[in-house]
Amino acid sequence: MALTYKEFQEKSGNQFDVMKTDPYTQYLEPFCILGNVYYVGDKKVGMHLIDTGDGLILIDTGFPGAEAMVVNSIWRLGFDPKDIKIILHTHGHVDHYGTTTFFQQIYGAKTYLGEADARLMEKHPETFEWNGRIITFTPDEMLHDGDVIKLGNTEIKVVKSAGHSPGAMSFFFPVYADGKTYLAGLPGGIGRNTLFKEAYEALHYPETTPEDFLESVDRIMEEPVTLWLGCHPTPFHNDGLKKRMQMMDDQDRPNPYVITPEEWRSYLKELRKGMKEIVDNGCI
Ligand SMILES: [Zn+2]
């Protein structure tokens, strides 16, 4: 049975409210996921740091108020925040760009955001409210489907993943470790909260949002992903918190972030099924 918006809201609760009152309780020691890819996020939001050999790329920046945690995580790994050359965003929701202005203004990082989300920030800033304030930023560059972002040894392919937000983007890039090449895959926003009409209409998302959700999953399904990253570390995404525990408990076990392309596909098929039920139910 498909969930209605009311049921969905009741089920998900206010899981992010803690970031308004006690953000530091959500701190997580940073760690290396694989090769040159590091986790610098907290318990609520995934943030990834890539050491390209010619500067750092940061993907997503967390809630406003998380600045000190992100900076601390970067230092803890032995890197310097001033070496962040590029900040990419999976999508324009405040939990993913909340500290971006800080990095842009203090360290001069060049910031990228999907064009549709950047336009919404300009046109409807009132919909970007968090904790009583309007939080937006002006990206230095717009992201589009098919873009390739290059820095040092890293090339990131950008794939349009509209739905969760109209400018959401997924990222794919090779990671070299243990004499092998892995393909990292980070879905750009898959949360179903904006799949309901009441939600996406209030945010001025296009009427095509329900179909966009499904098409976006189809578009990334055949990527031969072998390193699974998530924009939140929860079971609905890549279950990163559990994977991190597994890594720490037993360093000899196979890396839990490493998967087969079949596992990637079957995860996305299940995800699509859940979305399709809501769409078939009229997104109410
Ligand atoms: Zn989001």
Side-chain angles (χ1 to χ4, degrees), residues 3 5 8-9 11-20 23 26 41-48 58-66 70 87-100 111-121 124-131 133-137 139 143 158-171 185-206 209-210 212-217 219-220 229-241 268 271-272 274-275 278 283:
L3 286 175
Y5 189 41
F8 178 86
Q9 281 179 308
K11 216 176 133 203
S12 31
N14 297 322
Q15 48 169 330
F16 292 138
D17 275 1
V18 65
M19 295 308 288
K20 296 178 179 172
Q26 303 304 302
D42 50 46
K43 291 180 192 165
K44 293 295 183 193
V45 186
M47 292 167 242
H48 296 87
L58 178 63
I59 307 182
D60 287 346
T61 69
F63 275 103
V70 190
I87 297 180
L88 301 179
H89 297 92
T90 53
H91 60 289
H93 286 168
V94 71
D95 44 336
H96 301 277
Y97 68 80
T99 78
T100 296
T111 62
Y112 293 71
L113 178 67
E115 177 161 10
D117 288 356
R119 300 276 175 239
L120 273 175
M121 279 186 187
H124 297 289
E126 74 285 356
T127 61
F128 291 83
E129 187 268 341
W130 169 254
N131 210 9
R133 286 169 59 205
I134 304 295
I135 312 270
T136 60
F137 75 102
L143 287 173
V158 178
V159 179
K160 176 183 168 182
S161 296
H164 178 64
S165 81
M169 298 287 169
S170 297
F171 301 124
L186 174 58
I190 49 176
R192 294 168 298 177
N193 53 322
T194 52
L195 182 49
F196 299 92
K197 208 174 168 77
E198 191 184 330
Y200 71 73
E201 279 186 348
L203 293 169
H204 306 279
Y205 289 3
T209 295
D212 291 346
F213 261 94
L214 300 175
E215 278 172 24
S216 292
V217 177
R219 203 174 290 122
I220 61 172
L229 307 178
C231 65
H232 293 277
T234 54
F236 183 75
H237 294 76
N238 70 340
D239 213 357
L241 286 181
L268 290 176
L271 183 76
R272 194 187 193 285
M275 290 174 175
I278 295 169
C283 298

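Each ligand, and each atom within it, is numbered from 1 in the order the structure gives.
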Do any of the N, O or S atoms of C231 sit under 2.8 Å from the Zn ion (ligand 1)? no

Measure from the Zn ion (ligand 1) to every N/O/S atom of H93 and report the name of the nearest one. ND1

Decide whether T100 and T61 meet the rule of one side-chain donor and one side-chain acceptor closer than 3.5 Å. yes

H91 NE2 and H164 NE2 subtending at the Zn ion (ligand 1) (10° steps): 100°

Donor + acceptor pair across side chains of D95, H232 (<3.5 Å): yes

Angle between ring planes, H93 versus H91, binned at 30° and 60°: parallel, tilted or perpendicular? perpendicular

Can you confirm whether the side chains of S216 and S161 place a donor and an acceptor under 3.5 Å from each other? no

